[in-house]
Amino acid sequence: MSGVQQPSRFEQDDQIVVMKFGGTSVEDSAAIKRLIQIVTRQQGIQPVVVVSALAGVTDQLLEAGRSASAGHLGSALNSVRNIYVRHEQIADSLLTGSAYAELERALRTDFQALESLLQEVETSRALDSTRQDQLLGFGECFSSRLVTAALCEAGCKAAHVDARSCIITDARHGQAGPLWDVTNRKIQEAVGSLLQAANVPVLGGFIASTADGVPTTLGRGGSDFSAAILAAALGALRIQIWTDVDGVMTTDPKLCSDARVIRKMSFDEAAELAHFGAKVLHPATLAPAMRENIPVHVLNSRNPEGEGTVIVARASRESRGVSAITAKRNVAAVEISAPQGVDSALLGKLFAVFDEHSCHVDVMGASLGRVSLLVGSTAALPEIAAKLRDHADVRWENHRALVCLVGENIRRDAEVASRVFATVADLDVRVLCQGASDRTISFLVEESKAQESVQRLHRVFFPNAEPVRDWGGISSAFCQAG
Ligand code: ADP
Ligand code: ASP
Ligand code: MG
């Protein structure tokens, strides 16, 4: 970026905007140049920048950890060397002189630590969840240092902050939750003081640590959540999620090429969408934003002039029809039957055993002698079934997908449910669940039928002729007076 000097025009009294850039938005030097443009062209705000690891790096680190634990250290070290070369080449194209030398030194030290960690994993032949968090966090450490240096080179007063020193969590490795009071205080101290001096703080998303300093992560895709945690602690004006699509869409554009951008939606709808598998937002992101009433904008870093989606507190209680369709892929449906009946003691026992095995469950339904659950992985189910043997019979079916329609009050609209059923009835739909909230209708199908279900439903609820749905003038097929 030599020669592209931009004046730092951020003032300490401006309002704070937390800008999160996902993996594809920092994937190479062209993406990082776009990031610099996006950050520096904003006026009258104080940016706080949160970055994910470069696209693909977290998966590669995980794979390297698995190889090392299986005794294949050579292949693990080879893949982290490739990761090093990728960062080093980007640094080379964006930085000059001492800035390049300084970053290179920092990266080299981190990569040595990463190699030692992989050696430990190979020696112990185990990648436990504590070590896995330590390993995966390297991706965000590298990317955040790289982006800080690139912003500085472009004339921006950027300052790196280690997110692990200010986002403090419990010790649920792989899915840690923030300890809010200490986290808010530490963010206000570390990030707040940089903002006071009109710096642009840059943090790695996804990573955090326990109060004892042990590295944790917020779950896959967790950089969105980091942005919301920071925004809530700093009283930000808004959160911008910069990604590789034009906003939150009526469905995943990878599943259905007709998907269209939703211009405006409520926190509640977006939270349901994220919970039911829309990868565009990490499911925990909306809670802090909702609590502090901070609008979330989802924007495309490859098309920064686009309007994107704005997610705000809802106003109207009217039904506005189906706003989006999503699918939670590759889940297992668990049926638990208890001949003596399902009571609170049995439910308590069930949840305790699933929790003990870190097996996250979604409740699908309960009846007199039966509970239906949904889990993301079957790995722990044999042990769970053995532990519950004296209380209940546990069976499961693999390779299922939960297809979910989201929209304010759709559950109260009988016509929506009947149209859904009519559209997919021949696809061996197992359970049609009208969830606990009025905002969702979902059903289970075989994984191999997930895409077809979504495509059929999308054609029914978002026929091509329809304009993009907006709160200003909705013309959904299933609008109903409130
Ligand atoms: P990032 O690396 O920027 O965090 P992600 O891959 O985590 O990006 O999320 C963006 C992806 O989410 C899109 O490329 C898209 O395929 C997927 N996605 C799933 N559901 C939706 C949806 N309803 N609207 C937009 N994108 C969606
Ligand atoms: N890099 C992490 C992941 O791939 C976090 C994120 O991208 O938000 O899951
Ligand atoms: Mg993401």
Side-chain angles (χ1 to χ4, degrees), residues 19-27 31 34-35 38 50-63 83 132-133 135-144 163 167 174-176 203-208 216-229 239-263 265 269-285 296 298-303 306 308-309 311 322-329 403-407 450-451 454 457-458 462 468-469:
M19 307 171 76
K20 176 260 168 175
F21 293 85
T24 46
S25 303
V26 290
E27 66 186 347
R34 282 194 297 271
L35 174 153
I38 291 168
V50 177
V51 292
S52 294
L54 274 52
V57 164
T58 312
D59 285 338
Q60 287 157 3
L61 288 169
L62 185 57
E63 202 40 53
I83 298 174
Q132 183 167 306
D133 271 356
L135 174 69
L136 298 195
F138 274 103
E140 271 68 11
C141 295
F142 303 147
S143 62
S144 54
I167 301 186
Q175 197 74 53
L203 300 93
F206 178 56
I207 54 175
T216 55
T217 62
L218 303 173
R220 293 304 304 270
S223 301
D224 304 328
F225 188 26
S226 304
I229 294 168
I239 300 167
Q240 294 178 342
I241 303 289
W242 290 93
T243 183
D244 60 355
V245 283
D246 278 332
V248 180
M249 306 182 80
T250 47
T251 192
D252 184 347
K254 290 187 183 112
L255 283 182
C256 183
S257 56
D258 291 344
R260 275 166 284 155
V261 177
I262 303 167
R263 293 281 169 235
M265 65 193 310
E269 280 179 301
E272 299 278 11
L273 205 57
H275 176 78
F276 284 101
K279 198 184 164 215
V280 66
L281 284 173
H282 181 278
T285 310
V296 179
V298 179
L299 298 151
N300 189 346
S301 66
R302 293 170 181 159
N303 175 25
T309 299
I311 306 168
V322 174
S323 56
I325 304 166
T326 184
K328 213 172 204 172
R329 311 289 296 266
V403 175
C404 182
L405 293 93
V406 177
Q451 179 156 7
V454 170
L457 289 165
H458 198 270
F462 303 98
V468 171
R469 185 175 174 278

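All ligand and atom numbering here is 1-based and tracks the order in the structure.
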| Who pairs with S226 by side chain to side chain contact (heavy atoms under 4.5 Å, CB included), at least two apart in sequence or on another chain? | V50, I167, L218
Which pairs would a plain distance check flag for residues 53-63, meaning a side-chain donor or acceptor within less than 3.5 Å of a matching protein atom at least two apart in sequence or in another chain?
| unit_1 | atom_1 | unit_2 | atom_2 | d |
| --- | --- | --- | --- | --- |
| D59 | OD1 | R220 | NH1 | 3.1 |
| D59 | OD1 | R220 | NH2 | 3.0 |

Every pair of nitrogen or oxygen atoms between ligand 1 and the protein that is under 3.5 angstrom apart - can you list them with their distances to 0.1 Å?
| unit_1 | atom_1 | unit_2 | atom_2 | d |
| --- | --- | --- | --- | --- |
| ligand 1 | 2 (O) | G23 | N | 3.1 |
| ligand 1 | 3 (O) | T243 | OG1 | 2.7 |
| ligand 1 | 4 (O) | K20 | NZ | 3.0 |
| ligand 1 | 6 (O) | K279 | NZ | 2.9 |
| ligand 1 | 8 (O) | T243 | OG1 | 3.2 |
| ligand 1 | 12 (O) | V280 | N | 3.4 |
| ligand 1 | 14 (O) | D244 | OD1 | 2.9 |
| ligand 1 | 14 (O) | D244 | OD2 | 3.4 |
| ligand 1 | 14 (O) | K254 | NZ | 2.9 |
| ligand 1 | 16 (O) | D252 | OD1 | 2.7 |
| ligand 1 | 16 (O) | K254 | NZ | 2.9 |
| ligand 1 | 23 (N) | M249 | O | 3.0 |
| ligand 1 | 24 (N) | M249 | N | 2.8 |

| query | Is Q451 reaching over with its side chain to a backbone N or O of L255, donor-acceptor style, under 3.5 angstrom? | reply | yes
Any idea which atoms of ligand 2 are less than 4.0 Å away from a heavy-atom of [X]?
{"X": "T58", "value": "1 (N), 2 (C), 3 (C), 4 (O)"}
{"X": "R220", "value": "3 (C), 4 (O), 9 (O)"}
{"X": "E140", "value": "1 (N), 2 (C), 5 (C)"}

| Candidate pair T250 and I262, rule side chain to side chain contact (heavy atoms under 4.5 Å, CB included), full reasoning | CA-CA 6 Å; T250 47; I262 303 167; 4.1 Å; yes
| request: Identify the two heavy atoms, one from D224 and one from H282, that lie closest to each other, and give their separation to 0.1 Å. | output: OD2-N, 2.9 Å
| For the residue pair S301 and S25, what are the closest heavy atoms and their distance? | OG-OG, 2.8 Å
| said: Is it the case that ligand 2 has an N or O less than 3.5 angstrom from some N or O of K20? | reply: no
| Has ligand 2 got any nitrogen or oxygen that is less than 3.5 angstrom from a nitrogen or oxygen of G221? | yes
| remark: d(L203 CG, C141 SG) to nearest 0.5 Å is 11.0 Å
| Excluding sequence neighbours, so at least two apart, what forms side chain to side chain donor-acceptor pair (under 3.5 Å) with D252? | none
| note | For atom 6 (C) of ligand 2, the closest protein heavy atom turns out to be S223 OG, 3.4 Å
| In terms of residue, atom name and distance, what is the protein heavy atom nearest to atom 7 (O) of ligand 2? | S52 OG, 3.3 Å
| query | Would you call E140-K20 a salt bridge at under 4.0 Å N-O? | reply | no
| request: Would you kindly say whether T217 and D133 are connected by a side-chain donor-acceptor distance under 3.5 Å? | output: yes
| said: Against ligand 2, does G205 come closer than 4.0 Å with any heavy atom? | reply: no
